[in-house]
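When reading the values below, keep in mind they use all heavy atoms of this one structure, side chains included, and skip hydrogens, waters and symmetry mates. A, B, ... follow the sequence lines: proteins, then strands. Residue 1 opens every chain.
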Number of protein chains: 2
Amino acid sequence: MAGKSGPSPARLTFGKKLRAVRRAKDMTLEDLAETSGLNWSYISQVESGHRNIAVDNMWKLAQGVGMELKDLL
Amino acid sequence: MAGKSGPSPARLTFGKKLRAVRRAKDMTLEDLAETSGLNWSYISQVESGHRNIAVDNMWKLAQGVGMELKDLL
DNA sequence: GTGTGACTTCTAGTCCGTA
DNA sequence: ATACGGACTAGAAGTCACA
């Protein structure tokens, strides 16, 4: 794993909200991978809080799910 | 400089708001460096949008300035 | 369709000096 | 008190195979 240190509150907040929104929109990881331009496997790790994701990618995921970034925090 | 790619909208939004809030609270970069545990030189680059900061550190900066992370986006 | 570990490449993040 | 640059290390980005 790349994001070694255990899930932090910040990662978990973002990850859980992202997953909730994605599912609410009936999107699979593969769907979101396509709309965000990121790898589905990577997104899976982000949603579970195992990755310390940076702003640019947070933004892409927010866009990919049709929301403002601040609404995922 | 490490963060090569130019400032993205996501970086700029966060950076500008952080700088505004920090100054509104009369904090210097060194003050924020101390309350957040991050390097002041690095924070300077984040505020100007030159760095693609990760969530955990965004959280630390939000804490260091006494705000919720979502309010800096 | 999804979670995870492992791996390489690239940059986030530190530290120092200089202005 | 802030900015910028170089040089370095830790860790994020990005991908894959297997469950």
Side-chain angles (χ1 to χ4, degrees), chain A residues 1-67 69 72-73, chain B residues 1-67 69 72-73:
Chain A
M1 278 251 201
K4 307 167 52 175
S5 45
S8 68
R11 298 182 197 185
L12 286 176
T13 308
F14 180 77
K16 286 188 174 180
K17 286 207 180 182
L18 178 63
R19 176 158 291 178
V21 171
R22 175 176 65 80
R23 286 182 171 160
K25 302 217 172 189
D26 279 309
M27 295 177 74
T28 66
L29 281 172
E30 289 173 338
D31 289 334
L32 180 52
E34 194 165 350
T35 58
S36 66
L38 296 173
N39 190 289
W40 69 260
S41 181
Y42 175 65
I43 300 174
S44 169
Q45 293 165 39
V46 167
E47 287 186 345
S48 58
H50 290 298
R51 294 266 193 159
N52 187 17
I53 190 177
V55 243
D56 283 358
N57 280 343
M58 292 175 83
W59 168 272
K60 288 180 190 170
L61 287 173
Q63 296 289 77
V65 94
M67 295 204 78
L69 179 47
L72 290 176
L73 294 161
Chain B
M1 283 262 209
K4 309 167 59 169
S5 47
S8 69
R11 298 183 197 184
L12 285 175
T13 309
F14 180 77
K16 285 188 175 180
K17 287 207 181 182
L18 177 64
R19 177 159 289 178
V21 171
R22 176 176 63 79
R23 286 183 171 161
K25 302 217 171 187
D26 279 310
M27 295 178 76
T28 67
L29 281 172
E30 287 175 340
D31 289 335
L32 181 52
E34 193 165 351
T35 59
S36 67
L38 295 174
N39 192 280
W40 67 262
S41 183
Y42 175 65
I43 300 175
S44 169
Q45 293 167 47
V46 168
E47 287 187 345
S48 57
H50 289 296
R51 290 282 191 152
N52 187 18
I53 190 176
V55 244
D56 283 358
N57 282 340
M58 291 175 84
W59 168 273
K60 288 180 190 169
L61 287 173
Q63 296 290 76
V65 96
M67 296 203 77
L69 180 48
L72 291 176
L73 293 162

B/L38 atom CG is separated from C/dA12 atom C1', nearest whole Å, by 11 Å
When rounded to the nearest 0.5 Å, the distance separating CD of A/E30 from CD1 of A/I43 is 10.0 Å
Among C/dG13, C/dT4, C/dA12, the one nearest any side-chain atom of A/S41 is C/dT4
In whole angstroms, the gap separating C1' of D/dA1 from CH2 of B/W40 amounts to 8 Å
Check: Is the side chain of B/T35 donor-acceptor paired with the backbone N or O of B/G64 at a distance under 3.5 Å, no angle test?
Finding: yes
Those residues at least two apart in sequence (or on a different chain) that pass side chain to side chain contact (heavy atoms under 4.5 Å, CB included) with B/K16 are none
Separation of C/dA12 atom P from A/D56 atom CG, nearest Å, is 8 Å
On DNA chain D, more 5' by nearest nucleotide between A/G37 and B/A54 is B/A54
### Message
With a 4.0 Å cutoff (strictly under), does any side-chain N or O of A/N39 reach OP1 or OP2 of D/dA13?
### Response
no
Before giving the answer on side-chain contact (heavy atoms from CB on, under 4.5 Å), spell out for A/R22 and A/L29 the whole-Å C-alpha distance, their side-chain angles and the decisive distance to 0.1 Å. CA-CA 8 Å; A/R22 175 176 65 80; A/L29 281 172; 3.7 Å; yes
Whether B/Y42 stacks on the six-membered ring of C/dT14 base, 5.5 Å and 30° limits
no
Here the distance between atom P of C/dT11 and atom NE2 of B/H50, to the nearest Å, is 16 Å
B/I43 CD1 to D/dT2 C1', in whole Å, measures 12 Å
To the nearest angstrom, the CG-C1' distance between A/N52 and C/dG13 comes to 11 Å
Taking C/dG5, D/dG14, D/dA12 as options, the one with an atom nearest any side-chain atom of A/Q45 is C/dG5
When rounded to whole Å, the CG to P distance for the pair A/N57 and C/dA12 reads 10 Å
Under a 4.0 Å heavy-atom cutoff, the residues of residues 15-30 of chain B touching DNA chain D are B/R19, B/R22, B/T28, B/L29, B/E30
- Query: Would one find a side-chain N or O of B/S44 under 4.0 angstrom from OP1 or OP2 of D/dA3?
  - Reply: yes
Rounded to whole Å, the CD-C1' distance (A/E34 to D/dG14) equals 18 Å
Checking C/dC16, D/dG14, C/dG13 against the side chain of B/R51 (C-beta onward), the nearest is C/dG13
Original post:
Does any N or O in the side chain of A/D56 come within less than 3.5 Å of the main-chain N or O of B/N52, such that one atom is a donor and the other an acceptor?
Top reply: no
Counting only N and O atoms by type, is there a donor-acceptor contact under 3.5 Å from the side chain of B/S48 to the main-chain atoms of B/S44? yes
Step by step, would you call A/M27 with A/V65 a side-chain contact (heavy atoms from CB on, under 4.5 Å)?
-> CA-CA 8 Å; A/M27 295 177 74; A/V65 94; 4.1 Å; yes
